[in-house]
> 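Pasting in a structure now, in structure tokens, and then I'll have a few things to ask.
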Amino acid sequence: AKRAQSTALLERATELIRSLEREAAETSDGKSAAMREELQVLQLQIESIRDENLQLQAELARVQSERDEAIETRDDMLSTMDQQPAGAADARGQARAEQPDC
């Protein structure tokens, strides 16, 4: 009788252990799936930030190029004014005062 009782308890303990193992695996799979989803969302956000960064770099390059062209144009104009007669000295000084270096 004790042997049957021990066998029944052993079988019940084995069932409980298997049940707990299944529950742990399901919980782990659920957590893993949630973590994978979160990772995918983060990867999409990273790609979006990279794209935005590339756009900003292109915009910066465009603005810097425009600035360089404006400085060159200003310098050419000032050089031309320097070659004009002395009567243009007032205009030359005024143009320099209005055109700060960038």
> Thr80 side chain to Asp76 main-chain N or O, any donor-acceptor pair under 3.5 Å?
yes

> Looking at Glu69, is its backbone amide N or carbonyl O close enough to the side chain of Thr73 to form a donor-acceptor pair, meaning the two atoms are under 3.5 Å apart?
yes

> One thing to verify: whether Arg18 and Glu21 come together as a salt bridge, which I'm taking to mean a side-chain N less than 4.0 angstrom from a carboxylate O.
no

> Would you give the length of the straight line joining atom CG of Leu10 to atom CD1 of Ile17, rounded to the nearest 0.5 angstrom?
8.5 Å

> Output the distance between atom OG (Ser79) and atom CD (Glu72), rounded to the nearest 0.5 Å.
11.5 Å

> Does any part of the side chain of Gln64, heavy atoms only, come nearer than 4.5 Å to the side chain of Leu60, both counted from C-beta?
yes

> To the nearest 0.5 angstrom, please state how far the NZ atom of Lys2 sits from the CG atom of Leu9.
12.0 Å

> Nearest 0.5 Å, what's the CD-CD distance between Glu59 and Gln55?
10.0 Å

> Does a side-chain heavy-atom distance below 4.5 Å link Gln57 with Leu54?
yes

> I'd like to know whether CD of Glu47 has more than 12 heavy-atom contacts from other residues, nucleotides or ligands below 6.0 angstrom.
yes

> Let me confirm one number: the CG-CD1 distance from Leu44 to Ile49, rounded to the nearest 0.5 Å.
11.0 Å

> Kindly determine whether Glu66 and Arg62 satisfy salt bridge (Lys or Arg N to Asp or Glu O under 4.0 Å), including the steps that lead there.
CA-CA 6 Å; Glu66 287 178 4; Arg62 184 188 64 77; 2.4 Å; yes

